[in-house]
Amino acid sequence: MNIAEAKANLLSKGFLDVDIDLHVDLFQEIEQLKKHKNAIILAHYYQEPDIQDIADYIGDSLGLAKQASQTDAAIILFAGVHFMAETAKILNPDKKVLLPDLKAGCSLADSAPTELFKQFKAKHPDHVVISYINCTAEIKALSDIICTSGNAEKIIESVPGNTPILFAPDRNLGAYLNKKTGRNMLLWNGACQVHEIFSVEKITRLKIRHPEAKLLAHPECEESVLAMADFIGSTTQLLKYSHTDSAQSYIVATETGILHQMQKDNPGKAFIPAPPNNNCACNDCPYMKLNTLEKVYNTLLYELPEITMEEDLRIAAKKPLDRMLAISKAAGLIG
Ligand code: 13P
Ligand code: SF4
């Protein structure tokens with residue numbers, strides 16, 4: 001099969017994103033487009049390795065929000081999921097914010113529908129609402145402060161101890177934070193489908209085969225997995241720990257994309273993805289992995305798809321985000 005036939009074959013199967021000359025060096029073209037259009041690529045650690053490698057900044061949700069709030073670029077291409085690109089738009093109304101695939105959603109954000117959340121909040125009018133950044137702009141607009149897994153403890157500490165808190169949407173992160181802070185936050189019953197898939201049994205077996213390996217876990221994991229972990233943190237915190245810690249091997253209980261940076265930063269160490277509870281490879285986030293290098297190229301070239309938002313919603317959603325950024329700055333978590 002020659003290149004033209006291969007391309008026609010792929011197109012006939014609906015892979016429209018490959019409608020790019022197969023001789024094109026996507027890395028080189030993307031670099032040129034970035035320069036030519038004054039564009040920046042912000043990528044989350046869960047993106048495929050090629051996208052991480054052409055990004056201007058790779059980070060966790062806190063780092064990405066900070067970068068989005070400080071960039072001078074005219075165009076932000078967000079290689080991540082919808083709520084992340086939306087956050088960038090909330091912070092940058094005058095910039096063009098692009099997301100390579102608008103279907104890149106998030107099961108956690110989906111677990112908090114606006115109307116149900118409004119009703120829940122109305123039943124607890126005395127509660128301060130802290131929402132994890134993995135939520136829609138509508139939920140952000142209904143919140144008092146936003147947090148990420150990298151700053152949640154500091155955000156909670158900023159609320160006086162006698163003030164009740166409603167935490168949404170992640171019940172696992174909420175329960176973990178209740179334990180860490182000694183608070184008794186009221187939790188919305190949401191979860192991430194990727195972080196709930198890890199199998200305690202399979203991790204236990206892996207630990208028996210690799211007794212020297214430390215278990216690193218993201219706080220979106222279930223309590224049973226967190227109870228086994230040697231270190232718990234946001235993706236950036238897990239990456240930093242794997243770099244400074246003296247162990248030589250790790251089992252990693254979060255989305256597999258993070259292993260790319262862990263391996264790059266620590267070529268001599270071994271990183272083993274924590275297994276899901278069946279053979280589905282569900283420890284890959286199906287939303288994050290909708291973005292491809294081809295889509296990144298097309299998105300930069302055509303400046304589509306773009307994130308747009310009603311101005312009223314944007315202003316309401318910006319307030320709790322600004323509070324998060326201010327508290328994080330005061331706590332020295334961001335520069
Ligand atoms: P962090 O990168 O902030 O740890 O978040 C993980 C995540 O689930 C993003 O969707
Ligand atoms: Fe959402 Fe989970 Fe995917 Fe993160 S890993 S984007 S929380 S579904």
Side-chain angles (χ1 to χ4, degrees), residues 42-48 51-52 55 57-68 78-88 99-112 130-136 139-140 146-155 168-174 176-177 188-198 216-222 225-226 229 231-242 252-262 273-274 276 280-291 321 324-325 328 333-334:
L42 304 181
H44 189 268
Y45 290 121
Y46 296 165
Q47 292 295 284
E48 64 168 37
I51 296 180
Q52 293 189 35
Y57 176 84
I58 322 165
D60 66 359
S61 305
L62 179 59
L64 289 163
K66 186 205 137 199
Q67 288 294 323
F78 216 112
V81 291
H82 195 273
F83 76 81
M84 294 178 170
E86 218 174 36
T87 301
L99 180 66
D101 192 322
L102 283 181
K103 291 191 292 301
C106 167
S107 62
L108 184 49
D110 288 347
S111 63
I130 299 182
S131 293
Y132 188 36
I133 198 162
N134 299 34
C135 64
T136 60
I139 298 296
K140 286 186 176 73
I146 301 302
C147 76
T148 72
S149 49
N151 63 15
E153 284 178 61
K154 291 282 178 209
I155 300 292
D170 191 357
R171 61 172 177 248
N172 293 321
L173 175 63
Y176 167 73
L177 291 167
W188 180 265
N189 191 18
C192 158
Q193 69 184 63
V194 177
H195 288 90
E196 286 216 319
I197 203 78
F198 297 113
L216 307 180
H218 193 279
E220 287 175 26
C221 293
E222 287 177 318
V225 171
L226 296 180
F231 182 76
I232 299 167
S234 75
T235 48
T236 295
Q237 290 164 345
L238 296 179
L239 187 61
K240 275 192 188 146
Y241 183 85
S242 71
V252 184
T254 190
E255 212 270 357
T256 56
I258 187 75
L259 270 74
H260 180 57
Q261 291 304 318
M262 285 180 167
C280 63
C282 314
N283 45 356
D284 271 334
C285 173
Y287 305 104
M288 287 278 182
K289 296 305 200 273
L290 279 175
N291 297 327
L321 266 172
M324 173 189 90
L325 291 169
S328 304
L333 296 173
I334 56 174

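Below, each value reflects all heavy atoms present in this structure, side chains not excepted, and no hydrogens, waters or symmetry copies. A quick note: this is a predicted structure, and the numbers were derived from the prediction, not measured. Order of listing sets the numbers, starting from 1, for every ligand and every atom in it.
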Handout entry: Test item, His44 contacting ligand 1 (heavy atom, 4.0 angstrom)
Key = yes

Below 4.5 Å, heavy atoms only, C-beta onward: do [X] and [Y] meet side chain to side chain?
| X | Y | result |
| --- | --- | --- |
| Phe78 | Leu64 | yes |
| Leu62 | Ser328 | yes |
| Glu255 | Glu220 | no |

Problem - Atom NZ of Lys154 with >12 non-hydrogen neighbours under 6.0 angstrom - result: no

Under a 4.0 angstrom heavy-atom cut-off, which atoms of ligand 1 come close to [X]?
| X | answer |
| --- | --- |
| Ser149 | 1 (P), 3 (O), 4 (O) |
| Ser234 | 4 (O) |
| Met84 | 9 (C), 10 (O) |

Problem - Partner of Met324 by side chain to side chain contact (heavy atoms under 4.5 Å, CB included), out of Ile155, Ile334, Leu333 - result: Ile155

Handout entry: Of Ile51, Thr235, Ile258, the residue whose pairing with His44 passes side chain to side chain contact (heavy atoms under 4.5 Å, CB included)
Key = Thr235

Problem - Backbone N/O of Asp60 and side chain of Thr236: donor-acceptor pair under 3.5 Å - result: yes

Practice task
Could you tell me whether a side-chain N or O of Trp188 sits under 3.5 Å from a main-chain N or O of Ser111, the two making a donor and an acceptor?
Solution key: yes

Fill in the blank from the handout: Counting only protein N, O or S atoms and ignoring waters, those under 2.8 Å from atom 3 (Fe) of ligand 2 are Cys285 SG

Could you give the distance from [atom1] ([X]) to [atom2] ([Y]), rounded to the nearest 0.5 Å?
| X | Y | atom1 | atom2 | value |
| --- | --- | --- | --- | --- |
| Tyr132 | Ser149 | OH | OG | 4.0 Å |
| Lys140 | Cys135 | NZ | SG | 4.0 Å |
| Tyr46 | Met84 | OH | CE | 8.0 Å |

[atom] - nearest protein heavy atom and its distance:
| atom | answer |
| --- | --- |
| atom 10 (O) of ligand 1 | Asn134 ND2, 3.3 Å |
| atom 8 (O) of ligand 1 | Glu220 OE2, 2.9 Å |
| atom 4 (O) of ligand 1 | His218 NE2, 2.7 Å |

Exercise for the section: Go through the side-chain N and O atoms of Asn283 and Thr256 and say whether any donor and acceptor fall under 3.5 Å apart. Expected result: no

Exercise for the section: Using distance alone, determine whether Asp60 and ligand 1 share an N or O pair under 3.5 Å. Expected result: no

Once you restrict to heavy atoms under 4.0 Å, what part of [X] touches ligand 1? Side chain, backbone, both or neither.
| X | answer |
| --- | --- |
| Tyr132 | side chain |
| Thr148 | neither |
| Tyr46 | side chain |

Practice task
Answer with yes or no whether Glu220 contacts ligand 2, where contact means a heavy atom under 4.0 Å from a ligand atom.
Solution key: yes

